[in-house]
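Structure first, then comments.
In what follows, chains are A, B, ... by sequence order, proteins preceding strands, each numbered from 1.
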Protein chains: 2
Amino acid sequence: MDNQQSEQLLQRKGLKKTKLRHALIQHFIKTQHAQSYADIKQALMEATDKSTLYRNLTAFEHAGLIHSINDYSGVTKYAFGEAPIQGNEHAHFVCECCETVYCMDGLAPLQLDIPKGFRAKRVQTIIRGICADC
Amino acid sequence: MDNQQSEQLLQRKGLKKTKLRHALIQHFIKTQHAQSYADIKQALMEATDKSTLYRNLTAFEHAGLIHSINDYSGVTKYAFGEAPIQGNEHAHFVCECCETVYCMDGLAPLQLDIPKGFRAKRVQTIIRGICADC
DNA sequence: AATTTAAATGCAACACGGTTGCATTTGTAA
DNA sequence: TTACAAATGCAACCGTGTTGCATTTAAATT
Ligand SMILES: [Mn+2]
Ligand SMILES: [Mn+2]
Ligand SMILES: [Zn+2]
Ligand SMILES: [Zn+2]
C-alpha cells in the first residue's frame with residue numbers, strides 16, 4: 001500500500017521509476033516537515049550518492065512534486081507539494097528552537113504597495129518563532 | 001569628510017578603528033543595495049582576508065550597524081542599518097533580473113493567524129520581481 | 001525475449017561560502 | 001612607554017551544491 005502511491009506519482013509526472021525515487025517519495029510522505037539534504041541523506045542511509053540525490057530533488061521540484069524553501073540558514077529545504085505560487089501561496093514557519101520548517105497553508109497574503117517602477121511577482125513570507133512542539 | 005562618519009560610527013558602537021572597517025563602512029554607505037561577501041571582496045580589492053572580512057561583518061551586524069538578508073539564493077547579503085525587528089520591520093525586494101536586493105522601508109506588516117501552539121516572533125518578507133532599473 | 005536508446009546513476013573532482021585555531025600584529029588606554 | 005585585549009593573516013577545514021564522464025538501468029521497440 002506504500003509503493004502504490006509513489007508508483008502513481010512518478011507515472012503521472014512522467015518520471016522514471018527507481019528505488020531511490022520511491023524511497024524519496026515515501027520519505028516526503030511520511031515526514032511532515034521540510035527536509036534538508038542532510039536530513040534526507042540520514043534517513044536514506046542506503047543508496048545515497050550526493051549528486052544523484054540532488055539531481056532527483058531538482059527533478060522533483062521541476063516536476064512540481066516538491067518545493068524548495070530557503071529559511072534564514074544557508075541550507076535549502078524541500079517539502080512535499082507544489083510551489084507556493086499564484087493561488088497556491090503559503091508561508092513557512094521556522095522554529096527558532098528546533099529548526100523545524102513548517103508549511104503554513106491558508107495564510108492571507110499581504111498586500112503591499114511597492115515603489116514606482118518596481119513590479120512584484122511573488123511574495124515569500126517566512127515566520128520565525130516557537131513551534132507547537134517546543 | 002568621509003572618514004569622519006565612519007570614525008564616529010565605530011566610536012559610538014565601541015568598535016576598534018581599522019583601515020578595513022573604515023573601508024567597509026564607506027562601502028556600505030556608498031552602495032545602495034545589499035552586498036554579498038563576493039561583492040565586498042571585489043570592491044575592496046585591497047586588504048581582504050576572508051576570515052577577517054567575515055568576522056567584521058558579523059561584528060558589524062552584532063553591533064547593529066548592518067543587517068543580513070537571506071534571499072532565495074544561498075548567499076547572505078548585508079545592508080547598512082539595523083535589523084528589521086520590532087518596529088523596524090521592512091521587507092526585501094529581490095530583482096529577478098539583476099539580482100539586486102533592495103531594502104523596502106515602510107511596508108505594512110501582514111497580519112497572520114497561525115495555528116494554535118505556534119508563537120510568531122518576527123516575519124520576514126521577500127518580494128521577488130523586476131526592479132526599477134530593469 | 002532480445003535489442004535499443006535515452007535517462008538515471010556513481011564517482012571523482014571541483015567551486016564557493018563560511019568557520020575555526022593559532023601565532024602575530026595593532027589599537028587603545030593606563 | 002608599556003601592557004593587554006582585540007583584530008588580523010594564514011592555513012586548514014566543513015558543508016552545500018555542481019559538473020563531466022563512464023556505466024548501468026528503465027522502458028519502449030522489434
Ligand atoms: Mn511549503
Ligand atoms: Mn534591509
Ligand atoms: Zn520547534
Ligand atoms: Zn533589476
Side-chain angles (χ1 to χ4, degrees), chain A residues 3 6-25 27 34-63 65-79 94 99 101, chain B residues 3 6-25 27 34-63 65-79 94 99 101:
Chain A
N3 227 1
S6 46
E7 193 109 359
Q8 282 187 16
L9 276 175
L10 290 173
Q11 189 119 7
R12 196 185 317 157
K13 302 290 186 178
L15 293 163
K16 260 190 184 175
K17 302 169 198 163
T18 71
K19 286 207 75 173
L20 177 56
R21 290 187 172 172
H22 282 291
L24 254 182
I25 293 185
H27 180 66
Q35 301 289 304
S36 68
Y37 161 73
D39 295 334
I40 300 169
K41 174 180 181 147
Q42 196 185 9
L44 279 59
M45 310 171 286
E46 33 139 4
T48 36
D49 177 66
K50 212 204 313 194
S51 48
T52 304
L53 182 42
Y54 273 113
R55 278 191 277 236
N56 276 311
L57 287 173
T58 45
F60 277 16
E61 185 175 19
H62 198 259
L65 222 145
I66 61 176
H67 65 279
S68 63
I69 305 151
N70 298 95
D71 55 354
Y72 59 102
S73 81
V75 307
T76 304
K77 296 185 175 175
Y78 302 85
V94 180
E99 303 273 302
V101 175
Chain B
N3 227 3
S6 46
E7 193 108 2
Q8 281 185 17
L9 275 175
L10 290 173
Q11 190 118 9
R12 195 184 319 156
K13 300 291 186 177
L15 294 164
K16 261 190 183 176
K17 300 170 198 163
T18 70
K19 288 206 73 174
L20 177 55
R21 290 186 171 173
H22 282 291
L24 253 182
I25 294 186
H27 180 65
Q35 302 288 305
S36 67
Y37 161 73
D39 295 333
I40 300 169
K41 175 183 179 144
Q42 195 185 8
L44 280 60
M45 310 171 285
E46 36 140 2
T48 38
D49 176 66
K50 211 199 319 189
S51 48
T52 304
L53 183 41
Y54 273 113
R55 279 191 275 236
N56 277 309
L57 287 173
T58 45
F60 278 16
E61 185 175 20
H62 197 260
L65 222 145
I66 60 177
H67 65 279
S68 64
I69 305 151
N70 297 95
D71 56 353
Y72 59 101
S73 82
V75 306
T76 304
K77 296 186 175 176
Y78 302 85
V94 181
E99 301 275 302
V101 175

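Distance NE2 (A:His62) to C1' (C:dA8): 17 Å, rounded to an integer number of Å. Atom CG in B:Asn56 sits about 9 Å away from atom P in D:dG9, given to the nearest Å. Atom CG in A:Asp49 sits roughly 13 Å away from atom C1' in D:dT23 (whole-Å rounding). A:Glu7 has its CD atom 13 Å from the C1' atom of D:dA27, to the nearest Å. Per the geometry, CG belonging to A:Leu44 stands 12 Å off P belonging to C:dG10, to the nearest Å. Going from atom CZ of A:Phe60 over to atom P of C:dA8 covers 10 Å, rounded to whole Å. Taking atom CG of residue A:Leu10 and atom P of nucleotide D:dA27, one finds them 9 Å apart after rounding to whole Å. Distance CG (B:Leu20) to C1' (D:dA7): 10 Å, rounded to an integer number of Å.
Every residue was checked against the side-chain hydrogen bond (donor to acceptor under 3.5 Å, both in side chains) condition with A:His62, not counting sequence neighbours, and none meets it. With sequence neighbours excluded, no residue satisfies side-chain hydrogen bond (donor to acceptor under 3.5 Å, both in side chains) with B:Gln8. Looking at residues two or more places apart in sequence or on another chain, you find no side-chain hydrogen bond (donor to acceptor under 3.5 Å, both in side chains) involving A:Gln42. Under the ring pair (Phe, Tyr, Trp, His ring centres under 6.0 Å) criterion, B:His67 pairs with B:His90, B:His92, sequence neighbours left out. With sequence neighbours left out, A:Asp49 forms a side-chain hydrogen bond (donor to acceptor under 3.5 Å, both in side chains) with A:Ser51, A:Thr52. Evaluation of the ring pair (Phe, Tyr, Trp, His ring centres under 6.0 Å) rule for B:Tyr37 yields B:Tyr54 as partners, not counting sequence neighbours. Residues satisfying the salt bridge (Lys or Arg N to Asp or Glu O under 4.0 Å) criterion with B:Lys17, sequence neighbours excluded, are B:Glu7.
Of the inter-residue distances, the one linking B:Ile25 atom CD1 with B:Leu10 atom CG reads 4.0 Å to the nearest 0.5 angstrom.
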(message) I'd like to compare against my own output: the B/S/- annotation of nucleotides 22-30 of chain C with a strict under-4.0 Å heavy-atom distance to protein.
(response) ----BBS--
(message) Within the 4.0 Å limit for protein heavy atoms, which parts of nucleotides 12-17 of chain D are touched? Write it as a string from 5' to 3', B for base, S for sugar-phosphate only, - for none.
(response) ----BB
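The two residues A:Tyr78 and A:Leu57 come nearest to each other via the heavy atoms CE1-CD1, 3.6 Å.
One finds no side-chain N or O of A:Ser51 lying less than 4.0 angstrom from the OP1 or OP2 phosphate oxygen of C:dG10.
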